[in-house]
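Report on the following structure.
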Amino acid sequence: MSRQVTGPGGLAAQAVPGAADVSRHLNTVSGSGDAVPAAYCPPLVSNGSLCLLVDYRGCQSQRSYVGMTPGIFWAGRRYGPPNDQLVPFGHFGQELSVDGQVYATPAGWTQTLNTRDGIVVCRGDYGDALTVETVVFTPLSCDTIVVRKRFSARDGGTHAVGMAFQYRFTPSGAENRAPRRTVGTAAWDAASSSLQFRYQVDGLRAYDGVISLLADVAVTAAIDRQEVSLAAAATVGPSTPVDMTFYLQFSDSMDGADYVERAAQMRSRLRQEGYEGLLESHRRDWSAYWDESTVSLPDPLLERVYCTAQYHLRANATRWSFPVGVFNTHWAGRYFGWDEMFCFQALASSRHHGISRRCPEFRHAVLPKALYRASHYGKPGTYGARYPWETLEDGSEAAPPGFWMEHVFHMSNIAQSAWMQYLYTDDLAYLQATGYPVIRECARFFLANLIYEAPDGGRFIGKCTDLERLGPARLNPFMTSCGAIYTLEAAARAAALLAEDPAEAAVWAHDAAKLRESLPHDGERYVPYAGCREESVAVLGGVFPYPLFDGSNALQRNAAYGFLSKGSASGNMYPVGSSLCAWYAGWLAAALAGLGDTTGPAKLLAQAAAGAGCFGELFEINEPKVSMRPWFATASGNVVYALNQMLLQSREGQILIAPAVPESWQDFAFELPAYGNLLATVRVASGRLVSVRLTPGGAGARVQRTLVIPARLAADVRFDPAAVMAVATQDGCCRVVVQIAGPLELIATVP
């Protein structure tokens with residue numbers, strides 16, 4: 001058994017863009033029989049709506065992998081209290097026979113996740129006669145699961161192949177039982193040549209739906225209550241492989257009462273476009289996502305993990321926002337205002353602004369419920385909004401009772417997402433209509449509920465739960481205070497841009513300044529809270545997640561490096577394990593990148609990459625004795641954002657190029673966004689800048705920026721005098737002042 005990167009063949013070759021370097025997008029695992037590598041979890045297949053794991057057989061055998069059993073989930077479809085679980089939509093399997101003999105397990109197999117095209121390819125050898133290659137994907141444009149099987153003769157002979165594609169909505173004996181929350185019946189529809197499963201769910205809301213099973217070959221349907229199958233037969237010759245494609249299509253009344261008509265339209269589209277048409281449009285959609293930014297690194301493993309994380313972020317992006325995962329094992333796909341911001345930052349800093357805006361738009365959509373939660377018997381005022389700790393799609397609270405419900409720093413993350421969307425896009429209309437209303441109510445919440453005045457006129461944050469390992473009821477905790485400062489300052493800046501709420505904005509700015517003065521420290525470094533004896537990643541809060549300080553703040557630097565030296569003892573969200581989890585490694589890497597560290601971030605991200613799963617996926621925790629929650633979106637977000645921050649950072653009027661890249665990286669390139677709707681395209685070869693291009697995202701007035709470049713990269717580089725206003729070197733950096741009105745090439749020659 002092994003994990004490797006290989007060139008694709010067979011059906012996989014249909015999904016590889018010819019000009020691109022695809023090696024970083026291909027993660028391949030191999031094995032024999034039912035033996036799988038350590039910590040194997042099937043790869044994720046998702047379009048942000050349908051979400052599933054597909055195992056090495058090319059189906060969803062009911063076996064637990066790292067605590068997860070393959071199944072189908074559909075974002076937003078959930079039961080109600082007490083647990084608000086996602087509704088399981090069953091799983092698909094197969095029964096394969098060759099010359100009358102049934103085979104359940106391949107003798108040898110490989111499985112590849114192609115993150116570039118969003119497909120999974122499985123290849124298995126069955127007996128001496130047959131090789132089966134399976135391609136599975138969910139088109140980004142429709143709620144369909146596509147499963148194509150290619151049967152080829154291994155021995156050069158001719159063989160009779162039988163294939164039954166099985167779908168089990170609910171296992172036999174468990175269907176239509178009390179509490180009767182999901183019931184349904186299946187029937188063959190001759191007019192559309194499809195097997196249609198019609199169901200009703202008595203969940204958080206009542207809705208009806210239809211699941212259509214189709215194939216592009218002649219099939220015989222079998223129905224046993226809620227277990228159904230489509231069976232086909234074929235003859236495979238020495239040079240005549242056979243393809244069969246099976247489809248599962250989902251339509252329900254959650255998207256409108258016309259779900260039956262929409263199901264018919266989906267079947268019609270499928271018949272018209274076929275497998276090739278769906279695959280082509282799916283590839284185009286994924287290509288458009290990848291084309292929004294690029295990163296090329298000298299570390300192949302880190303590059304592959306980065307690509308898997310980018311794939312994960314898009315696959316996990318529901319139409320609402322970004323859950324930790326669309327699985328019941330991942331808090332049932334609920335939305336944490338805390339975690340979703342880490343996914344948001346990764347998407348926004350990768351120029352996926354059409355996806356990243358879903359987060360602030362979701363928070364704006366559910367703002368009325370958050371306002372009601374903090375209001376006085378529903379009466380409006382300046383009490384602000386209080387978003388739930390775990391939010392459902394309609395804005396309701398879904399967290400079980402516990403001291404985590406006394407978190408308030410998620411309010412800062414929600415405000416930060418709303419503000420950063422504006423910083424990256426420079427979209428004032430968005431800020432006016434969506435971003436500022438969210439930011440303002442978060443600022444009002446802190447002012448009305450959490451900020452206290454000391455006798456000397458100072459300000460401090462009252463008792464709340466900071467990071468959970470620190471326990472409940474902590475007075476003036478550092479990270480929560482940093483989040484409140486960030487929120488208040490963002491609100492004041494947004495108000496000034498929009499010329500709104502001047503009186504409140506003055507108070508926000510004043511209290512933010514006072515809170516800076518009250519941040520807890522021991523004289524040498526910031527501490528989680530006054531008198532704290534425990535190490536905590538919370539002490540990084542002033543640089544990440546909230547960029548209040550840079551490397552010039554000694555208290556913050558000392559706090560960051562103090563935790564770094566002892567982080568393995570406090571390197572998980574929970575008091576388990578003995579190493580630094582990928583989520584915290586990304587967190588630390590992003591913080592050190594913000595401090596201008598050129599050695600720590602790369603080492604930390606390499607550590608995170610080394611602990612990734614078989615397909616480059618990141619876990620919540622992945623150690624030999626503690627392994628849990630593969631495909632953990634928060635970790636993917638932190639690792640992507642940290643790497644982006646190593647390559648490019650935006651500050652007030654500045655663009656920092658390669659601010660945290662190690663000297664050992666002699667060859668790298670990237671195309672990433674900077675604040676103000678700017679795109680930076682940079683290439684470094686042999687340790688020297690080869691090209692720097694700045695491209696504004698829209699027509700507008702000239703803007704001035706200072707590019708800050710490590711002097712070692714700019715040594716002997718001549719900048720185009722027509723493009724720059726000034727060039728100076730100080731403190732180990734080359735500072736290049738430019739005026740930007742259109743696409744700007746900055747380098748004239750490289751000796």
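Model, not experiment: these values are computed from the prediction.
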query = Just by distance, do the side chain of Thr318 and the backbone of Ser321 share a donor-acceptor pair under 3.5 Å?
reply = yes
request  = Ignoring hydrogens and angles, tell me if any N or O in the side chain of Asn316 forms a donor-acceptor pair with the backbone of Pro323 under 3.5 Å.
outcome  = yes
query = Quick one: does Gln60's side chain have a donor or acceptor within less than 3.5 Å of a partner on Leu53's backbone?
reply = yes
inquiry  = Looking at Asp34 and Arg57, is any side-chain nitrogen of the basic one under 4.0 Å from a carboxylate oxygen of the acidic one?
reply    = yes
Under 3.5 Å: donor-acceptor pair, side chain of Thr138, backbone of Asn47 = yes
ask   = Is any side-chain N of the basic residue among Asp291 and Arg116 closer than 4.0 Å to the acidic one's carboxylate O?
value = yes
message = Is the ring pair Tyr65/Tyr56 parallel, tilted or perpendicular, if the boundaries are 30 and 60 degrees?
response = perpendicular
task = Mark yes or no for whether Tyr311, through its side chain, and Leu44, through its backbone, hold a donor-acceptor pair below 3.5 Å.
result = yes
inquiry  = Between His330 (side chain only) and Pro630 (backbone N and O only), is there a donor and an acceptor less than 3.5 Å apart?
reply    = yes
request  = Measure the CD-CZ distance between Glu280 and Arg283 for me, rounded to the nearest 0.5 Å.
outcome  = 7.5 Å
query = Does the gap between the ring centers of Phe169 and Tyr199 come in under 6.0 Å?
reply = yes
query = Is any NZ, NE, NH1 or NH2 atom of the basic residue among Asp55 and Arg63 found under 4.0 Å from an Asp or Glu carboxylate oxygen of the other?
reply = no
key: Under 3.5 Å donor-acceptor, Gln94 side chain and Met163 backbone   = no
task = Kindly say whether Gln85 contributes a backbone atom to a donor-acceptor pair with the side chain of Asn328 at under 3.5 angstrom?
result = no
inquiry  = Set out, in order, the CA-CA distance, both residues' side-chain angles and the distance that settles salt bridge (Lys or Arg N to Asp or Glu O under 4.0 Å) for Arg78 and Glu393, then state yes or no.
reply    = CA-CA 10 Å; Arg78 63 177 69 252; Glu393 290 77 9; 2.9 Å; yes
task = Find out whether the Lys NZ or Arg CZ of Arg629 is both under 6.0 angstrom from the six-membered ring centre of Trp331 and within 45° of the ring's axis.
result = yes
message = Below 30° counts as parallel, above 60° as perpendicular, anything between as tilted: where do the rings of Phe197 and Tyr167 land?
response = perpendicular
task = Look at the rings of Trp583 and Trp587 and say which category their plane angle falls in: under 30° parallel, 30 to 60° tilted, over 60° perpendicular.
result = tilted
ask   = Nearest 0.5 Å, what's the OH-NE2 distance between Tyr275 and His282?
value = 9.5 Å
task = For the pair Arg150 and Asp243, find out whether any cationic side-chain nitrogen is under 4.0 Å from an anionic carboxylate oxygen.
result = yes
task = Answer yes or no: does atom CZ of Arg123 have more than 12 heavy-atom neighbours from other residues, nucleotides or ligands under 6.0 Å?
result = no
message = Checking the side chain of Tyr306 only, and the main-chain atoms of Leu301 only, is there a donor and an acceptor separated by less than 3.5 Å?
response = no
inquiry  = If we ignore hydrogens and angles and just use 3.5 Å, is the side chain of Arg334 paired with the main-chain N or O of Ala332 as donor and acceptor?
reply    = no
task = Drop me the distance from Asp285's CG to Ser141's OG, to the nearest 0.5 angstrom.
result = 5.5 Å
query = Would Arg148 and Asp216 pass as an ion pair if we require N to O under 4.0 Å?
reply = yes
